[in-house]
Amino acid sequence: MKVIQITDIHLVPDGNLLFGEDSVARFRTCIAHVNEHHPDADLCVITGDLTHDGDEASYRILADCLKELKLPVRLLLGNHDERPMFRSIFPDMPVDGNGFIQGVHDTDTARLVFLDTKEVGTHEGRLCADRLAWLDRTLAEAGERQVYLFSHHPPFELDLPSMDWIRLREEADLRALVKKHGNVRYMFSGHVHRPSGGTWYGTPFATVPGTNHQHALDFALTGPATTSMEPPAYAVLSLRDAGVVVHYHAFMDKSEQFPYYG
């Protein structure tokens with residue numbers, strides 16, 4: 001299965017700039033790049049911070065942009081999103097019994113699980129008792145399928161204090177569920193605005209750059225992260241029986257290319 005992961009698009013109303021760049025134009029460029037280079041993908045997952053301020057105009061722009069995408073798409077919420085406004089513009093996006101933007105995508109051998117880690121009034125991620133109970137049932141119902149877990153907030157520390165302080169707070173609860181069921185093969189998150197990867201108590205994970213701006217790689221900074229205008233990218237995920245491959249496609253890279261001479 002081939003999945004495109006896009007994250008942290010931070011759309012703003014048309015004509016507005018975010019850190020000196022047009023986040024809408026960049027997202028449209030990203031979509032065009034995906035359509036051109038990865039039309040064979042099975043699914044596109046956008047892991048949160050769909051808008052910068054959770055406003056109606058930006059969600060309507062998102063809906064318009066997605067008309068151009070040739071792949072089916074699943075949308076997750078991030079700390080910059082607003083759940084009621086999102087649901088008013090995307091009423092058909094799957095929700096759980098408590099109104100959280102959560103759901104699954106099943107194949108014969110895999111279950112992709114999409115978590116809602118948005119918490120009103122904070123930029124940190126949360127999984128309340130209702131969301132944890134939903135995840136418990138969802139992992140149990142996966143049966144023999146391998147599970148791939150998608151969320152906006154990562155639960156793991158990345159040795160980046162400026163991001164670790166607003167990661168998912170229920171790390172211990174999530175770890176208990178992953179250990180209990182033993183079927184989570186890989187975890188994919190947004191929020192960090194950087195490419196990173198590793199293992200979390202034995203479970204592999206990856207994070208992805210944003211499409212407009214990034215967070216500086218600063219191992220000493222505490223408090224809010226420093227915004228960096230490093231090149232944007234999205235991830236190309238190959239989910240196979242033999243393992244998982246993650247590539248980062250820098251869709252605005254204009255570097256000169258040369259043929260190889262042996």
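Numbers for residues simply follow the sequence, beginning at 1. These values consider heavy atoms only, across backbone and side chains, with no hydrogens, waters or symmetry-generated copies.
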Q: Not counting sequence neighbours, which residues clear ring-ring contact (aromatic ring centres under 6.0 Å, His included) with Tyr148? List them please.
A: none

Q: Grab the two heavy atoms, one from Val245 and one from Arg240, that are nearest each other, plus how far apart they are.
A: CG2-NH2, 3.5 Å

Q: Ring pair (Phe, Tyr, Trp, His ring centres under 6.0 Å): which pairs involve residues 158-186, sequence neighbours left out?
A: Tyr186-Phe188

Q: Keeping to residues at least two apart or across chains, list the ring pair (Phe, Tyr, Trp, His ring centres under 6.0 Å) pairs with something in residues 95-122.
A: Phe114-Phe150

Q: With a 4.5 Å cut-off on side-chain heavy-atom distances among I, L, V, M, F, W and Y, is there a chain of contacts connecting Leu66 to Val24?
A: yes

Q: Can you tell me how far apart CD1 (Ile9) and SG (Cys30) are? Round to the nearest 0.5 Å.
A: 8.5 Å

Q: What pairs of residues pass the salt bridge (Lys or Arg N to Asp or Glu O under 4.0 Å) test when at least one of them lies in residues 210-224, not counting sequence neighbours?
A: none

Q: What pairs meet the ring pair (Phe, Tyr, Trp, His ring centres under 6.0 Å) rule with one or both residues in residues 18-37, with sequence neighbours excluded?
A: Phe19-His213, His33-His37, His33-Tyr234, His33-His249, His37-His249

Q: Could you tell me whether the side chain of Val95 reaches within less than 4.5 Å of the side chain of Arg87, counting heavy atoms only?
A: yes

Q: Could you tell me which residues satisfy salt bridge (Lys or Arg N to Asp or Glu O under 4.0 Å) with Lys180, sequence neighbours excluded, listed by chain and number?
A: Asp136

Q: Could you measure the distance from the CG atom of Asp130 to the CG atom of Asn98? Nearest 0.5 Å is fine.
A: 4.0 Å

Q: What is the distance from atom CG of Leu160 to atom CG of Leu221, rounded to the nearest 0.5 Å?
A: 9.5 Å

Q: Would you say the ring centers of His247 and His38 fall short of 6.0 Å from each other?
A: no

Q: Give every residue pair that meets the salt bridge (Lys or Arg N to Asp or Glu O under 4.0 Å) criterion with at least one member in residues 23-44, sequence neighbours excluded.
A: Lys2-Asp40, Glu21-Arg26, Arg28-Asp64, Arg28-Glu68

Q: Using the rule that two of Ile, Leu, Val, Met, Phe, Trp, Tyr join whenever any of their side-chain heavy atoms come within less than 4.5 Å, decide whether Leu18 and Leu11 are in one cluster.
A: no

Q: Of all residues at least two apart in sequence or in a different chain, which pass the salt bridge (Lys or Arg N to Asp or Glu O under 4.0 Å) check with Arg137?
A: none

Q: I'd like to know if the side chain of Arg145 and the backbone of Thr107 have a donor-acceptor N/O pair within less than 3.5 Å.
A: yes

Q: Considering only residues two or more places apart or on different chains, which pairs with a residue in residues 197-209 satisfy side chain to side chain donor-acceptor pair (under 3.5 Å)?
A: Glu171-Trp200, Ser196-Thr207

Q: Enumerate donor-acceptor pairs with a distance under 3.5 Å from any side-chain N or O in residues 75-83 to protein atoms, sequence neighbours excluded.
A:
unit_1 : atom_1 : unit_2 : atom_2 : d
Asn79  : OD1    : His152 : NE2    : 2.9
Asn79  : OD1    : His191 : ND1    : 3.1
Asn79  : ND2    : His123 : ND1    : 2.8
His80  : ND1    : His52  : O      : 2.8
Asp81  : OD1    : Leu50  : N      : 3.1
Asp81  : OD1    : Thr51  : N      : 3.2
Asp81  : OD1    : Thr51  : OG1    : 3.4
Asp81  : OD1    : Tyr59  : OH     : 2.9
Asp81  : OD2    : Asp49  : N      : 3.0
Asp81  : OD2    : Leu50  : N      : 3.1
Asp81  : OD2    : Gly78  : N      : 2.8
Arg83  : NE     : Asp116 : OD2    : 2.9
Arg83  : NH2    : Asp116 : OD1    : 3.1
Arg83  : NH2    : Asp116 : OD2    : 3.4
Arg83  : NH2    : Lys118 : O      : 2.9

Q: Sequence neighbours left out, what pairs pass salt bridge (Lys or Arg N to Asp or Glu O under 4.0 Å) with at least one residue falling in residues 150-166?
A: Glu157-Arg167

Q: Measure the CG-NE2 distance between Asn212 and His193 for me, rounded to the nearest 0.5 Å.
A: 9.0 Å

Q: With sequence neighbours left out, what residues match Asp241 under side chain to side chain contact (heavy atoms under 4.5 Å, CB included)?
A: Thr109

